[in-house]
Amino acid sequence: MGHDRTLRLQFGNRIEVVCVVGTRLCTDVYGAAPADAVTFAVKHSDDVEVEIVRDGQSEHAPANGGTQWPLDPKTTLSIRMTRPSTEANDNKVTVGYYGENGGHPIDQAGVFLTGIEISLDVDADRDGVVEKNHPKKAAWTWGPDGQGAVLLVNCDKENPYTGKEDCQDDKVFTKEDLEDMSRMILRTKGPDRLPPGYEMVLYIPLSDCDKVGVFYLQNPFFGQRYIHVLGPRKLFHVVKYTGGSAEMEFFVEGLRFPDDGFDGLVTIHVSLLEPVAEGIPQTPIFTDTVVFRIAPWIMTPNTLAPLNVFVCSVKDNYLFLKEIKNLVSKSNCHMSVCSRYMNRGDRWMQDEIEFGYIHAPHKAFPVVLDSPRNGGLEDFAVKEILGPDFGYVSREPLFEEVTSLDSFGNLEVSPPVTANGKEYPLGRILIGTSFPLSAGRRMTKVVRDFLYAQKVQSPVELYSDWLTVGHVDEFLTFVPIPGKKQFRMLMASPSACYKLFREKQKEGHGEAVMFKGYTGTDTKRVTVNKVLSNEVMVQENQYVQRCIDWNRDILKKELGLAEKDIIDLPALFKIDKQGKAMAYFPNMVNMIVLSRDLGIPKPFGPIIEAECCLEQHVCSLLEPLGLTCTFIDDVSSYHKQLGEVHCGTNVQRKPSAFKWWDVTP
């Protein structure tokens, strides 16, 4: 961005001007003319363009000065250098003034020009290359045809001797740290040195100083040292001009994710400053600007391939761990067990953390979002997950009360969908909240604001406060299938359970017994007939079904789903003393999804012909879709503590191949 500067031509004085190639200088030829002058002519060097501007019209002035123009108060010269100078003052513009006879000039005024080329460059077209002077580098637009550079929050940890993320300090520990940053190149070309008093300054707005940091490679040939030049408490940096053709490489890191009050855009400028007079501050005569958007944190849906399954080891889940290990071995991914020392008796791995990732054209790495619930697993993400190329982010409310709805069983994401004519190629975030007309539990504002600010997975708020625990994973999940839709949504359904039980009753299996082999309990004899005749339970589950149907309607609209995209899994609930619902038998929708392998809570349903009719029914729904159902006993270790398989596990998945910057929010 150049500034049109006005020069005042003078006689007898040598005017020396520095200008940036491509920018314009303007001068009033009329004000400098002698009293008896009526016309003027212009001579200029070959590397200078001069336009005569009169009444809004312009025409090029030939270099040899052979053309004369009448003097007019509205006539100005527009001067532009087309190439950088090889030495100071090597270009010149001379204005000659002529009287009535037009023979020899009455007088002359001239300007000596020194041209400098300055370009602050970034990867504006997102192809991994820092192009020179990209025309869209100072703007940021979304979509496949969008332009603008991308910045990662440097939230991993290369230094093994610190417990904080790299963006929390102003040091470069290793060269690997630089790979998390975006390159920015300051390209200059011109004479060996700037005239006295001129300076180049790199700077950021005060509003961005806590959002971006910049490092510069000092002494690249003698023990490379990366110095911190911009960031908190460093708003500007005077750049050393080296002369000739030069490239100065900077490395830029993001310090904060997009959030409430921060749209993710940061700006960096370079200006050429010109001296006016001794004791008077310099003024900018040229500014070049680049804009970055900080990459959002992105969640991964069940349709993406699993990489690592996380689960806690606690005193009573040895058999559960064994079954999870067998399931993981089938799906060709890794399993990480959090020790009792680290989890301090907290078994709810799903509730503590949510896995996602960040992505730029040059780099992507996983980032774990730490919930504000802060149980026994409070330190797990920082101590066991944060490390090289594995980032960390958290949001902690200062004043709001943290409730069960802040646990991340209440944070899910759909597969890619199209709804109401709009595409969501990275899916949509799903969070549970209270009924719109009630003052119930809600996810804290800081977490909700963070999720909304990422923009690329536009959140959908569901009604989950009717549940004792209050998590969306208690009534829905997604499974991958082949075909155009590529997934089915599974929903817990009391109606489907009552329908199945009535069918079994009609077939003569009314006395089939539930809960056979139910571990660690003295459950009374429960049959299909007893369940169907329990009017209180029927009414409670009618209420639960209405709550689920409320969400079903929202999901069909917001995810663009038809009934054929939804599969109802039998479930029953009971109402606690506070009027909230909890699962009556292990809730099968609360499963772990590892590609085509499903780890489903074993429901201990009615045994008919030596088989659990609930298991048989679910297999008949899912196995024709190419899915494999494994039923896992989680009764004593999870179900009795109001959770299931999904609540006790967590899955890091492969990032989506889709480039988030191609989204149109």
> Can you find a pair of side-chain heavy atoms, one from P655 and one from I298, that are under 4.5 Å apart?
Replying inline: no
>> Determine whether a donor-acceptor pair (N or O, by modelled atom type, separation under 3.5 Å) exists between the side chain of Q457 and the backbone of L426.
In response: yes
> So, for F320 and Y638, is the gap between ring centers shorter than 6.0 Å?
Replying inline: yes
> Can S434 and R442 be counted as having a side-chain donor-acceptor contact under 3.5 angstrom?
Replying inline: yes
>> Is there a side-chain contact between V266 and L151 in this structure, where contact means two heavy atoms from C-beta onward sitting under 4.5 Å apart?
In response: yes
> Do the two ring centres, one from F478 and one from F487, sit under 6.0 Å apart?
Replying inline: yes
>> Using only atom types and a distance under 3.5 Å, with no angle test, would you say the side chain of H471 pairs donor to acceptor with the backbone of S404?
In response: yes
>> D406 vs T444, test: side chain to side chain donor-acceptor pair (under 3.5 Å). Steps then yes/no.
In response: CA-CA 7 Å; D406 291 298; T444 52; 2.9 Å; yes
>> Would the distance check show the side chain of Q652 and the main-chain N or O of L307 forming a donor-acceptor pair, the cut-off being under 3.5 Å?
In response: no
> From M335 CE over to N326 CG, what is the distance, rounded to the nearest 0.5 angstrom?
Replying inline: 9.0 Å
>> Evaluate D177 against N154 for side chain to side chain donor-acceptor pair (under 3.5 Å), listing each step before the verdict.
In response: CA-CA 8 Å; D177 196 9; N154 194 10; 2.9 Å; yes
> Closest heavy-atom contact between G599 and V645?
Replying inline: O-CG1, 3.7 Å
>> Is the distance between the ring centroids of W140 and F292 under 6.0 Å?
In response: no
>> Minimum heavy-atom separation for P306 and C333, please, with both atom names.
In response: O-CB, 3.5 Å
>> Assess the residue pair Y452 and E461 against the criterion (side chain to side chain donor-acceptor pair (under 3.5 Å)); give the C-alpha distance rounded to whole Å, side-chain angles, the decisive distance to 0.1 Å, and a yes or no.
In response: CA-CA 11 Å; Y452 274 91; E461 297 199 28; 2.7 Å; yes
>> A quick test of your reading: do over 12 heavy atoms of other residues, nucleotides or ligands sit less than 6.0 Å from NZ of K556?
In response: yes
> Donor-acceptor pair, T418 side chain versus E423 backbone, under 3.5 Å?
Replying inline: no
>> Please find the pair of heavy atoms, one from D121 and one from H134, that lie closest to each other, and give the distance.
In response: OD1-N, 4.4 Å
>> Donor-acceptor check, side chain of N650 to backbone of M349, threshold 3.5 angstrom: yes or no?
In response: yes
> Listed by chain and number, what are the side-chain hydrogen bond (donor to acceptor under 3.5 Å, both in side chains) partners of Y498, not counting sequence neighbours?
Replying inline: none
>> Given S458, which partner from the list E558, R428, K422 fulfils the side-chain hydrogen bond (donor to acceptor under 3.5 Å, both in side chains) test?
In response: R428
>> Show the nearest heavy-atom pair for residues F631 and M588, with the distance to one decimal.
In response: CE2-SD, 4.2 Å
> Crowded around E563 CD? As in, over 12 foreign heavy atoms under 6.0 Å?
Replying inline: yes
> Within 45° of the six-membered ring axis of F262 and under 6.0 Å from that ring's centre, is NZ or CZ of K211 located there?
Replying inline: yes
>> Aromatic contact between W142 and W660, with the criterion being ring centroids under 6.0 Å apart: yes or no?
In response: yes
> Crowded around N332 CG? As in, over 12 foreign heavy atoms under 6.0 Å?
Replying inline: no
>> Nearest 0.5 angstrom please: C167 SG to Y392 OH, how far?
In response: 11.5 Å
> Backbone N or O of G470 within a donor-acceptor pair of the S464 side chain at under 3.5 Å?
Replying inline: yes
> Going through the distances and angles, do F310 and F355 end up as a ring-ring contact (aromatic ring centres under 6.0 Å, His included)?
Replying inline: CA-CA 11 Å; F310 290 79; F355 288 106; 4.9 Å; yes
> Between the main-chain N or O of L405 and the side-chain N or O of T403, is there a donor-acceptor pair closer than 3.5 Å?
Replying inline: yes
> Within the side chain of N551, is there an N or O that forms a donor-acceptor pair under 3.5 Å with the backbone of C547?
Replying inline: yes
> Any donor and acceptor pair, going by atom type alone, linking the side chain of E179 with main-chain N or O of K175 inside 3.5 Å?
Replying inline: no
> Got a second to check how far E644's CD is from I592's CD1, nearest 0.5 Å?
Replying inline: 13.5 Å
> Are H617 and P570 side-chain neighbours, meaning at least one heavy-atom pair lies under 4.5 Å?
Replying inline: yes
> Per the salt bridge (charged side-chain N to carboxylate O under 4.0 Å, His left out) rule, which among D449, D259, D370 passes with R395?
Replying inline: D259
> Within the distance-only criterion (no hydrogens, no angle test), does the side chain of S182 pair as donor or acceptor with the backbone N or O of V150 below 3.5 angstrom?
Replying inline: yes
>> Show the nearest heavy-atom pair for residues T267 and P205, with the distance to one decimal.
In response: O-CD, 3.3 Å
